[in-house]
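Just below is one structure, and these are the notes that go with it.
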Amino acid sequence: MTTTPAAAPTAHELANAIRALAMDAVEAANSGHPGMPMGMADIAVALWKRHLKHNPADPHWANRDRFVLSNGHGSMLQYALLHLTGYDLAIDELRRFRQLDSKTPGHPEVGRTPGVETTTGPLGQGFANAVGMALAEALLAREFNTPGHTIVDHRTYVFMGDGCLMEGISHEAASLAGTLKLGKLVAFYDDNGISIDGHVQGWFTDDTPKRFEAYGWHVVRGVNGHDADAVDAAIVAAQAVTDRPSLLCCKTTIGEGAPTKAGTAAAHGSPLGAKEIAGARAALHWPWPPFEIPAAIYAAWDARPAGAASEAAWCTAFDAYRAAFPERAAEFLRRMAGDLPAGFAAAAQAFVAAQAAKGATVATRKASQEAIEGYAPHLPELIGGAADLTGSVFTNWSGSKVIGADHAGNYVNFGVREFAMSAIGNGLALHGGFIPYVGTFLTFSDYARNAVRLAALMKLRTLFVYTHDSIGVGEDGPTHQPVEHVASLRLIPGMDVWRPCDTVESAVAWAQAIERRHGPSCLVFTRQNCAFVPRSADTVAAIARGGYVVADFAGAGKRALIIATGSEVGLALAARDALAKEDIAVRVVSMPCTSVFDRQDAAYRASVLPAGVPRVAVEAGVSAFWHRYVGSIDDAHGAVVGIDSFGESAPAGVLFEHFGFTVNHVAAAVRGVVA
């Protein structure tokens, strides 16, 4: 016969509810990480019971505190907290931990589980997302708060472990957060000394407190992570420091309560087993069977009444703000909802038409900058930045104002931190109120690859601006010539990769990326000039479909298709003119975005790429990707003019000739497929 806890459960009993649910769910799934939730349970009690401002009935309330679990392998900690505090996460979902279509996947996923703010798992990225969220809060507060009216006032809390701190992205993100003095960012370091391979002393001996102090953080050392009161005092101390982010170094035991596995790697990433769980229940004085939580524990954890009161108080304050500043209030709500300004579509259409009328021949990186210049004045939510390459990637515009520790702006000098830059951009998008774009050379997208991938997984409106897109980089050589990168980015599910050929396609690409609400885009631009391509109004309108006929068959004779992107469109058009003299009629298809083209209906795709017509694809990158459009490598009626080796160091013009990007070579490829 079981007993029930006192009417007012202790902090330790509240923490044990988390431990029990974590043990039980991992055991039921026969998979997962019980050690971290058991070790951080008391820290969670201090934060979630005593400080976190949230409303389980409204997970998207604009002024809620943000909570990020960067050490996302310990996802059962977050799922237990969400369930216990009253979110729409039933106990049956915890029973279905790590099962198909459950709301409790192996690592937290935004959009799948109510209350989860970001998708974490790859260690350190959640921490960088949290930096982006804290930056968003600071910027919105400076923009919208007024004397007597504070509508943006919340904190960002992040849990992280040794693995997060070993990852290089944590160094990048922590350094920038300290420089920007993000005083409402509070990080909890779960200092348990254990990772998958065992005790970390053999490979991780950093003095973490000194490291963060060197970044300019406020650091609270030696917090007993199993004493909720001690953690509470550390949080209060952190909240009092407004000019620096805070790191709370909490000493814990992984798998706290497990009789033989606590403090060992055996508690990290495997179920504890029935015998160990029974011993833990005895040690923790938790007599209830799996997945059973006493009513008094539920009542003590329930955050719905306090959350409703907090949100109601904010709504009252916001109503007063709206009465005093109706336009600013409407603008805040618009931006947090992710809606574009009412006039943006018309402004974008007018800018595209102006670029078509202008007909300039420039590098598409310059065309990209012109697009930012054209669109940014209509988009106060647009926030940009670059990884120490602003003067090369042209991500700034005449209205750019660099963000500093003590002043607002719309442009971040990220420094040479491509990975953190991309993950911080994701954090800005996750927080709401901003459309972030971040820029670097295309070859450095490899440094940021996992953050780019997670942007697609989370369906974020993050824009990744990449320039110097091919061997056109020239003398910098193969280290900086991204022959495989465009194709590899296209392989990311849900990612739109635009490689425009001139000013008009660049303008359309930017507009499409901005208007795409539920997914990221990569915008890929040249260093070298690209000739303007004249088009009819209907042809300009077709660019938004991802692939379109830029020059059609002309004359009788044999027919062929050339599919090209970016700087190679001009080459394809020149080859078309040369082949016309040989009675070979060529249709040139510009395909700036293959994924958008693939989403068009079958009839449109067939109208652009009719069956039975020999095809040649031309792109200054690896050839394998294009066989999906021209036929297999053994198809005599399909060919690709590409680059299947690394580049060389030489002037761009020399390299294009060396690698066969010439009119004669493309024309020869067409002759081969129509022969």
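Note that these values count all heavy atoms, side chains included, but never hydrogens, waters or copies made by symmetry. All of these numbers come straight from a predicted model, not from anything done at the bench.
The salt bridge (charged side-chain N to carboxylate O under 4.0 Å, His left out) pairs that include a residue from residues 404-424 number zero, where partners must be two or more places apart or lie in different chains. Among residue pairs with one or both ends in residues 448-476, those qualifying as ring-ring contact (aromatic ring centres under 6.0 Å, His included) are Phe441-His468; sequence neighbours excluded. The salt bridge (charged side-chain N to carboxylate O under 4.0 Å, His left out) pairs that include a residue from residues 537-546 are Arg545-Asp601, where partners are two or more places apart or lie in different chains. The stretch residues 368-378 participates, sequence neighbours left out, in these salt bridge (charged side-chain N to carboxylate O under 4.0 Å, His left out) pairs: Lys358-Glu370. Each ring-ring contact (aromatic ring centres under 6.0 Å, His included) pair with one or both residues in residues 400-420, not counting sequence neighbours, would appear here, but there are none. For the salt bridge (charged side-chain N to carboxylate O under 4.0 Å, His left out) condition, no pair includes a residue of residues 642-664, sequence neighbours left out. Judged as a ring-ring contact (aromatic ring centres under 6.0 Å, His included), the pairs with a partner in residues 365-399 (not counting sequence neighbours) are, in order, Phe344-Tyr375, Phe351-Tyr375.
Across all their heavy atoms, Val674 and Ala560 have their closest contact at CG1-CB, 3.6 Å. Between Ser70 and Leu123, the closest heavy-atom pair is O-CD2, 3.8 Å. The heavy-atom pair separating Val596 from Gly546 by the smallest distance is CG1-N, 3.6 Å. The shortest non-hydrogen separation linking Ser645 to Val483 is O-CG2, 3.7 Å. The two residues Val586 and Arg576 have their closest heavy-atom pair at O-NE, 2.9 Å. Here the closest non-hydrogen pair linking Val473 and Pro482 is CG2-CD, 4.5 Å.
One finds the OG atom of Ser398 at 9.0 Å from the CD atom of Gln369 (value rounded to the nearest 0.5 Å). Distance NZ/Lys558 to CG/Asp583: 10.0 Å, rounded to 0.5 Å. Here the CG atom belonging to Leu489 is positioned 5.0 Å from the CZ atom belonging to Arg449, to the nearest 0.5 angstrom.
Remark: His431 engages His154 in a ring-ring contact (aromatic ring centres under 6.0 Å, His included) (not counting sequence neighbours). Residues that satisfy the salt bridge (Lys or Arg N to Asp or Glu O under 4.0 Å) test with Arg516, not counting sequence neighbours, are Asp496. Applying the salt bridge (Lys or Arg N to Asp or Glu O under 4.0 Å) rule to Asp598 yields the partners Arg628; only residues at least two apart in sequence or on another chain are considered. Under the salt bridge (Lys or Arg N to Asp or Glu O under 4.0 Å) criterion, Arg587 pairs with Asp552, sequence neighbours left out.
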Problem set entry | Candidate pair Tyr437 and Ile372, rule side chain to side chain contact (heavy atoms under 4.5 Å, CB included), full reasoning | CA-CA 10 Å; Tyr437 67 93; Ile372 300 171; 3.8 Å; yes

For this session: Would you sort out whether Ser392 and Arg365 count as a side chain to side chain contact (heavy atoms under 4.5 Å, CB included), showing the intermediate values?
Result: CA-CA 8 Å; Ser392 294; Arg365 63 171 173 164; 4.3 Å; yes

For this session: Report the C-alpha distance between Ile435 and Ile383 in whole Å, list the side-chain angles of each, state the deciding distance to 0.1 Å, and finish with yes or no for side chain to side chain contact (heavy atoms under 4.5 Å, CB included).
Result: CA-CA 6 Å; Ile435 299 175; Ile383 182 170; over 6 Å; no

Exercise. Is there a side chain to side chain contact (heavy atoms under 4.5 Å, CB included) between Met495 and Cys522 once you walk through the steps?
Worked result: CA-CA 7 Å; Met495 178 63 70; Cys522 293; 3.6 Å; yes

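Using modelled atom types, one side-chain atom of Asp502 and one backbone atom of Val533 make a donor-acceptor pair closer than 3.5 Å. A donor-acceptor pair under 3.5 Å links the side-chain atoms of Glu568 to the main chain of Ala620, judged by distance alone. Remark: side-chain polar atoms of Thr390 are not paired, donor with acceptor, to backbone N or O of Ala386 under 3.5 angstrom. Not a single donor-acceptor pair under 3.5 Å links the side chain of Glu475 to the backbone N or O of Ser649. Side-chain atoms of Arg615 come within 3.5 Å of backbone N or O of Tyr629 as a donor-acceptor pair. Side-chain atoms of Asn413 never come within 3.5 Å of backbone atoms of Gly415 as a donor-acceptor pair (strictly under, hydrogens ignored). Within the 3.5 Å criterion, the main-chain N or O of Lys181 finds no donor-acceptor partner in the side chain of Arg244.
Side-chain contact, Thr118 with Asn129: a donor N or O sits under 3.5 Å from an acceptor N or O. Checked by atom type, the side-chain pair Gln125/Asn450 shows a donor-acceptor distance below 3.5 Å. A donor-acceptor contact closer than 3.5 angstrom links the side chains of Glu505 and Tyr548. Looking only at atom types and distance, the side chain of Thr539 has a donor-acceptor partner in the side chain of Ser536 under 3.5 Å away. Donor-acceptor pairing under 3.5 Å is recorded for the side chains of Asn426 and Thr462. Side chain to side chain, Thr526 and Thr364 meet the donor-acceptor criterion of an N or O pair below 3.5 Å. Side-chain N/O atoms of Ser521 and Trp498 include no donor and acceptor closer than 3.5 Å.
Atom CZ of Phe646 has 12 or fewer heavy atoms from other residues, nucleotides or ligands within 6.0 Å. For Phe625, the CZ atom is densely surrounded, since the number of other residues' heavy atoms within 6.0 Å is greater than 12.
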Which atom pairs, donor and acceptor, lie under 3.5 Å between side-chain atoms of residues 164-171 and protein residues at least two apart or in another chain?
unit_1 : atom_1 : unit_2 : atom_2 : d
Ser170 : OG     : Cys164 : O      : 3.2
Ser170 : OG     : Leu165 : O      : 3.2
Ser170 : OG     : Glu167 : O      : 2.9
Ser170 : OG     : Arg211 : NH2    : 2.8
His171 : ND1    : Tyr215 : OH     : 3.1

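Inter-residue side-chain proximity for Thr467 and Val524 is flagged as unmet; no heavy-atom pair is nearer than 4.5 Å. Side-chain contact between Thr119 and His107: absent, with no pair of heavy atoms (C-beta onward) separated by less than 4.5 Å. Between Phe204 and Ser195 the shortest side-chain heavy-atom distance does not fall below 4.5 Å. Between Val465 and Val438, every side-chain heavy-atom pair lies at or beyond the 4.5 Å cut-off. Using a 4.5 Å cut-off on side-chain heavy atoms (C-beta onward), Leu176 and Ile424 make contact. For the pair Arg499 and Glu619, the minimum side-chain heavy-atom distance is below 4.5 Å. The shortest distance between side-chain heavy atoms of Pro592 and Ser590 falls below 4.5 Å. Between Leu463 and Pro520 the shortest side-chain heavy-atom distance does not fall below 4.5 Å.
Cation-pi check for Arg559 over Phe553 is met; the charged atom lies under 6.0 angstrom from the ring centroid and within 45 degrees of its normal.
Aromatic rings from Phe444 and His480 are positioned such that their centres are separated by under 6.0 Å.
Between Trp217 and Phe212, the ring planes are perpendicular. Angles over 60° get that label, and only those under 30° would be called parallel.
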